[in-house]
Undergrad: 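One structure coming up, written as structure tokens, with questions to follow.
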Amino acid sequence: MKSTITLILVFTLSCTWAQQTVTLTGSIKDSMSGELLIGASVYVAQLKMGTTANLDGNFSLNLPLGKHVLEVSFIGYENQSVSIDLRESINMQIVLKPSATALSEVVVTDQAKAANVEDMKMSSEVLSIKTIKEIPAFMGEVDVLKAIQALPGVQSGGEGTTGYFVRGGSADQNLVLLDGATVYSPSHLMGFFSVFNADVIKEAELYKGGVPAQYGGRSASLLDITQRNGDNEKFHGNAGLGLIASRLSLEGPIQKGKSSFLVAGRRTYADVFTRMSNREDLKNSIMYFYDLNGRLNFKLGEKDVLTLSGYYGDDVLKNKEQLSWNWGNRTATANWKHSFSDKLIADISALYSDFNYTLAVNSTGSSELEWKARINDETLKADFTYLANSRYSFKIGAASIYHTIHPGNISITGSDVETSFNLKTQRALESSAYLSSTIKVNDEFTVDAGLRYSMFQNIGGIVNQYQPETNEPLSSTEYDAGEFHGTQGGFEPRLSMRHMLGTSSSIKMSYNRMMQYLQLASNSTTGTPLDIYFPASENIKPQIADQIALGYFKNFKDNTYELSAEVYYKYMQNQIDFKDNANLILNEHLENEVLSGDGQAYGLELMLKKTQGKLTGWVSYTLSHTERTIEGINNGKAYSPTQDRPHAINIVSSYQIKPRLQFGAAWTYSSGAPISLPTSSYEFDGVVVPVYDEKNGYRLPDSHRLDISFTLDGKKKAGRKWEYSYNFSIYNLYARQNPFSIQVRQNADNPRQTEAVQTSLVGTMIPAITLNIKF
Amino acid sequence: MKNLSIILLSAFVALLSSCTKVVDLKLNEPENKIAVDGLISNRAGESFVKLAYTKGYLSSDAPEAIIDAQVSVRDSDGNLTLFTTSNNDGLYLPPTDFVGEVGKTYTLDVQYEGESLSAESTMNDTVTGSNVNVIKADITDPYFEAGYHLLATIKKFKEEDSFYKGEIFINGVKQMTTASDIVAFDDRMFEAGEELEARLYFWAETSEDNEKPQMGDVITLQLISISEETYEYLSALSETPMQGGLFGKTPANVPSNIEGGLGWFQASSFGSPKHSMVME
């Protein structure tokens with residue numbers, strides 16, 4: 001009897017307690033631009049409770065009825081205290097004023113400051129555009145992808161390239177999203193610049209592991225880049241005059257306070273100078289790129305936000321009338337966010353991405369060859385977030401991508417010849433669905449568990465069955481235009497756990513499986529803009545990567561310093577490589593050039609970051625190993641793929657010398673990339689033929705480089721409506737000749753004598769100056 | 001594609017201060033293997049088999065010749081021809097009246113110190129070109145790089161694809177020093193009866209006088225009909241100087257059709273050579 005009463009009592013108590021809790025929801029905005037401040041924090045000091053605004057800029061807190069003081073803060077903004085008297089669940093708008101002072105003087109709450117330790121995420125890094133801009137840039141062009149390469153666990157594809165490798169994965173295992181749409185070839189001019197214009201980017205988030213269940217499609221990493229919304233309060237713009245390119249961006253309200261636009265353009269003008277050059281060979285060469293970005297944001301009532309954004313960019317290269325080559329990416333995003341209630345939010349997107357190139361060659365003067373290839377995706381995607389209470393939240397969603405790949409169409413036209421050669425268009429549907437949940441077990445322990453199912457189906461086309469050693473198909477099956485075939489799929493479990501050790505340190509663990517159905521057909525170490533993706537099929541299994549990571553996170557000195565240490569192990573199945581001398585360009589039997597096997601990667605990543613004060617930045621060290629074992633390559637023995645760099649060190653720093661003068665420096669070091677070198681030779685028709693006995697058995701010498709920059713802000717004058725700053729940078733300050741490749745050749749004067757030649761792409765220091773104007 | 005990469009490379013590198021330097025490397029010295037360079041020609045006195053050991057890649061020594069091997073070639077009709085050596089230089093030659101015949105498959109057999117090597121190759125129909133032309137382009141030419149260009153027109157004469165090797169001579173001197181000078185192409189993209197125009201060779205304006213044609217020189221194009229396998233071998237070989245570089249393929253061994261060794265054995269038919277005189 002007594003126990004029953006106790007039980008009833010407990011029940012009643014808990015009911016009354018539950019009744020007394022109400023939900024406070026809202027959003028936090030910039031008072032000037034009206035932009036939602038993702039990651040801004042709301043903290044109730046009395047209750048030691050708090051939360052941060054989610055990706056949509058919304059927050060939700062379960063609080064007891066009564067009076068509370070909310071402390072609202074965000075990096076770069078003045079703190080604000082808001083007193084409320086809660087009588088029921090309410091929704092409120094909070095605005096923060098941008099702080100006039102530099103970052104070093106901003107005070108943020110413990111909540112936001114300790115995010116490194118308290119956040120569920122591991123193996124991920126958010127780079128704000130401010131941080132990205134502080135890193136010295138090549139020719140003064142601020143570059144998101146270069147910034148990414150300074151993070152532990154990320155290896156640069158080589159000097160001057162924006163290709164990068166994450167935790168032993170190849171470059172095509174990185175998914176790059178711009179406002180949710182895939183960017184297939186994120187670089188300009190052979191990789192010296194990235195396609196992302198820093199003026200429109202809000203932030204870039206890189207996941208090396210622990211990827212949330214809502215993302216998939218590539219097996220190594222996810223780089224999620226978001227463009228910012230235009231100012232919905234007043235019209236203004238940014239302009240930049242650089243050594244190689246100029247930029248202009250304009251933004252402003254469409255309907256004040258409710259909707260905004262942001263448009264930006266960038267173009268290089270090296271070709272303008274070459275055209276004026278006296279050198280005849282340069283005069284006829286044209287090389288430039290441009291980018292156009294746009295974003296429209298509409299707030300439709302209290303519950304709906306509609307965003308339309310897009311990117312359009314091209315590279316153009318022309319050498320006399322003989323050759324013209326252009327390639328470019330286009331993306332488009334339509335996103336609708338709707339809150340059904342304080343607790344249920346829908347996020348629905350329609351996305352389009354396209355990468356294409358056209359090459360026209362007129363090598364004889366009378367007949368012209370034109371070669372086109374293209375890949376494009378049409379995506380529909382829906383995500384629903386349900387915030388049950390402060391302990392549970394759920395996410396559920398599905399997506400479907402329709403891929404169309406035109407691997408290559410060639411036409412030759414001339415006075416007496418007209419011929420064309422078309423590789424079959426490939427179509428496929430990549431679908432996925434997921435469910436994930438974040439469960440706060442207690443104050444110390446939180447679990448994030450998710451399950452994703454992905455599926456890939458080829459549509460129509462021809463499937464060949466090959467016999468070994470030849471490209472003659474043994475038999476082939478033709479499918480109707482709408483017929484699905486070659487369906488492959490699988491579950492991708494995702495799990496993250498965090499355990500707090502006191503208030504300033506935590507340990508985190510994550511496991512995830514990632515599946516990849518598209519891969520790049522590239523048989524060169526660096527990749528070329530002629531590379532095109534090709535799909536999984538009856539002949540090609542999807543790539544699978546299982547990764548487990550363990551990390552320790554600690555903050556020191558009132559969160560001024562953040563230390564993180566992570567170890568990971570990754571096992572990769574169905575990794576592909578290509579047969580020796582495989583010709584992947586315009587090859588209708590591409591699938592028969594692929595060999596597959598397994599791989600593994602493991603490593604240790606250490607990072608010490610200073611986030612406050614005049615001096616900020618980080619030091620990181622990565623120790624790693626990765627290998628592939630593929631039957632038919634290197635005699636079936638394990639070998640190091642090109643991305644294997646055992647040691648890497650990065651030091652990135654920014655120092656506020658004076659209120660108007662900021663200094664940035666970045667030093668990077670990494671072990672040399674593995675390369676193959678011939679060990680013996682024989683002669684054929686007088687030519688020395690190299691003989692290799694091992695794949696990637698040698699390494700290039702180590703690479704290292706120091707870049708610096710100074711940013712001087714112009715004096716502000718009262719009444720002047722514009723501000724300016726100069727950025728002066730030196731790339732490769734100590735003129736290191738970092739090896740790009742080592743090749744062997746016959747000596748031109750004595751053909752029987754062979755020699756090894758090292759090439760450095762950037763063999764000197766490159767200074768640059770950029771003028772930035774804000775109006 | 002090789003030419004294209006070179007054009008792109010030069011255009012791009014012009015804007016950068018890229019630099020190259022010869023470096024010292026320490027490479028492993030694996031044990032030597034037997035390498036074959038063998039040709040069966042449809043013309044008398046041109047067939048040969050050359051045998052030598054491989055050597056360390058960076059060694060400047062001459063390859064060590066194999067001088068007392070037994071070398072024989074059998075054709076698809078069962079006729080056996082012995083190839084003999086007389087000069088201790090590893091060069092094995094058939095009787096002087098030996099000629100290969102189009103359509104026949106030739107099988108090479110080499111016996112040496114208990115080792116046995118074999119290979120086979122089929123001789124394809126003879127091909128010829130027409131309209132061989134050498135044009136000189138100056139620096140303002142809208143289409144061509146400055147220098148001399150060898151252009152040829154070749155008619156695809158049958159339904160089946162043909163594979164070609166071009167040998168280029170200035171006044172009878174073969175233009176062949178490194179793998180980059182190999183000219184090999186095919187007519188797979190064309191229909192029977194169509195003519196393909198090809199720019200087969202290029203001498204840059206900037207080369208030394210003795211390395212480029214002069215007024216009045218006679219340029220000869222010798223087209224050789226090769227098998228698809230030989231074409232693939234020559235293409236792979238011609239790309240070796242680009243391997244591992246910007247846009248170059250991943251370094252890999254070129255194929256070999258020698259069972260038990262390295263190298264290449266080919267049966268190829270030579271068409272009648274075409275000449276053109278260099279004029280301004």
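Quick note on labels: first sequence line is chain A, next is B, and so on, each numbered from 1. On a predicted model such as this, the values are computed, not experimentally measured, just so you know.
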Undergrad: If you take all heavy atoms of B:Asn28 and A:Tyr698, which pair is closest and at what distance?
TA: N-OH, 3.0 Å

Undergrad: As an exercise: rank A:Val744, A:Asn747, A:Asn750 by heavy-atom pairs under 4.5 Å with chain B and give me the winner.
TA: A:Val744

Undergrad: Please state whether the side chain, the backbone, both or neither of B:Gln266 comes within less than 4.5 Å of a heavy atom of chain A.
TA: side chain

Undergrad: Is it the case that B:Lys156 places NZ or CZ above or below the six-membered ring of B:Phe190, under 6.0 angstrom from the centre and within 45 degrees of the axis?
TA: no

Undergrad: Measuring from atom CD of A:Glu683 to atom CD of A:Gln746, what distance do you get when rounded to the nearest 0.5 angstrom?
TA: 8.0 Å

Undergrad: Nearest heavy-atom pair of B:Glu205 and B:Lys212: which atoms, and what distance?
TA: O-NZ, 2.7 Å

Undergrad: With sequence neighbours excluded, what pairs up with B:Glu46 under the salt bridge (charged side-chain N to carboxylate O under 4.0 Å, His left out) test?
TA: B:Arg43

Undergrad: With chain B as the partner, which of A:Gly686, A:Gly697, A:Pro701, A:Pro690 has the greatest number of non-hydrogen pairs under 4.5 Å?
TA: A:Pro690

Undergrad: Mind checking what makes salt bridge (charged side-chain N to carboxylate O under 4.0 Å, His left out) contact with B:Lys174, not counting sequence neighbours?
TA: A:Asp685, B:Glu167

Undergrad: Pick one of side chain, backbone, both or neither for B:Phe48, based on which atoms fall under 4.5 Å of a heavy atom in chain A.
TA: neither

Undergrad: Heavy-atom distances under 4.5 Å only: say whether B:Asn133 touches chain A with side chain, backbone, both or neither.
TA: neither

Undergrad: Go through the atoms of B:Leu58 and report whether side chain, backbone, both or neither lie under 4.5 Å from a heavy atom of chain A.
TA: both

Undergrad: Examine whether an atom of B:Leu150 lies under 4.5 Å from a heavy atom of chain A, and if so say whether it belongs to the side chain, the backbone or both; otherwise answer neither.
TA: neither

